[in-house]
Amino acid sequence: SAIEEGRLIFDNLKKTISYALTANIPELTPFLLFIIAGIPLPIGPIAIVLICIGTDIVPAISLAYEKAEYRLMQRKPKNPVTDRLASHALIFQAYGQSGMIQSAAGFLTYFVVMGESGFMPYTLLGLSTAWNDPNFNVQDSFGQDWSFENRKELEFTC
């Protein structure tokens with residue numbers, strides 16, 4: 001019926017919007033820490049564009065074609081004033097919960113890879129200026145010198 005189809009479309013659009021909003025926080029926080037804390041950039045702009053194209057578009061489209069949930073027609077009708085596609089609860093869930101969890105997982109991976117390569121997390125603070133200087137060798141936590149080429153290779157590994 002038309003009502004069932006409308007409810008299905010509404011639910012699937014909410015899922016798609018939530019999925020799309022969730023990716024914004026983990027893509028933004030590396031740049032914020034780069035600016036605020038001066039750590040070497042964890043992910044570059046080209047990598048973010050490739051991630052968006054490769055991992056955001058196809059799953060978001062597939063959410064639009066998801067089957068109806070159980071007992072879809074037994075729910076009460078939507079209130080046009082309070083029930084919205086992008087509600088406060090959806091935005092909090094996307095940005096405050098899922099986005100923060102993804103950011104924390106990404107930074108954990110970044111700091112583990114950097115730590116295993118010799119750069120302990122506390123040594124990364126304020127290192128971005130020296131890190132991006134091609135004429136300067138950076139010393140890691142173990143006293144090893146890292147050339148610009150080696151640093152960029154490590155950066156692309158993260």
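Remark: Arg7 does not engage Glu69 in a salt bridge, criterion side-chain N to carboxylate O under 4.0 Å. Salt bridge Lys14/Asp83: absent, no basic N to carboxylate O contact under 4.0 Å.
By the 6.0 Å contact criterion, CZ on Arg75 is enclosed, its count of non-hydrogen atoms from other residues, nucleotides or ligands being greater than 12. Residue Glu153 qualifies as open at atom CD: its count of foreign heavy atoms under 6.0 Å is 12 or below.
Checking Gln102 against Thr22 by side-chain atom types alone, no donor-acceptor pair falls below 3.5 Å.
Grouping the Ile, Leu, Val, Met, Phe, Trp and Tyr side chains by contacts below 4.5 angstrom, directly or via other members, places Val138 with Leu154. By the criterion of side-chain heavy atoms lying less than 4.5 angstrom apart, applied directly or through intervening Ile, Leu, Val, Met, Phe, Trp or Tyr residues, Phe107 is grouped together with Trp131 in one hydrophobic cluster.
Interatomic distance, Ile3 CD1 to Leu8 CG, rounded to the nearest 0.5 Å: 13.5 Å. If you take CG on Asn12 and OG on Ser62, they are separated by 9.5 Å, rounding to the nearest 0.5 Å. From Phe92, atom CZ reaches atom OG of Ser98 across 10.0 Å, with rounding to the nearest 0.5 Å.
The closest side-chain heavy-atom distance from Pro40 to Tyr110 is below 4.5 Å. Proximity of Glu66 to Thr16: side-chain heavy atoms (C-beta onward) are nowhere separated by under 4.5 Å. Within the 4.5 Å cutoff, side-chain heavy atoms of Cys52 are placed close to those of Glu27. The shortest distance between side-chain heavy atoms of Phe148 and Lys152 falls below 4.5 Å.
Other members of the hydrophobic cluster containing Phe10, listed by chain and number, are Ile9, Leu13, Ile17, Leu21, Ile25, Leu85, Leu90, Ile91, Tyr95, Met100; membership follows side-chain contacts under 4.5 Å among ILVMFWY residues, whether direct or relayed. Phe31 forms part of a hydrophobic cluster together with Phe34, Ile35, Leu41, Ile43, Ile48, Ile51, judged by ILVMFWY side-chain heavy-atom separations under 4.5 Å.
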| Chi angles and distances behind the salt bridge (Lys or Arg N to Asp or Glu O under 4.0 Å) call for Asp145, Arg151 | CA-CA 10 Å; Asp145 282 336; Arg151 293 191 308 264; over 6 Å; no
| message | For a side-chain contact (heavy atoms from CB on, under 4.5 Å) check, start with the C-alpha distance between Asp11 and Leu72, then their side-chain angles and the critical distance, and finish with the verdict. | response | CA-CA 10 Å; Asp11 285 353; Leu72 180 69; 3.3 Å; yes
Can you give each donor-acceptor pair under 3.5 Å made by side-chain atoms of residues 112-126, sequence neighbours left out, with the distance rounded to 0.1 Å?
from, atom 1, to, atom 2, distance (Å)
Ser117, OG, Val113, O, 3.0
Thr123, OG1, Met120, N, 3.3
Thr123, OG1, Met120, O, 2.6

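Ser103 and Pro26 get closest at one heavy-atom pair: OG-CA, 3.2 Å.
Put simply, the side chain of Asn150 never gets that close to the backbone of Trp146: no donor and acceptor are under 3.5 Å apart.
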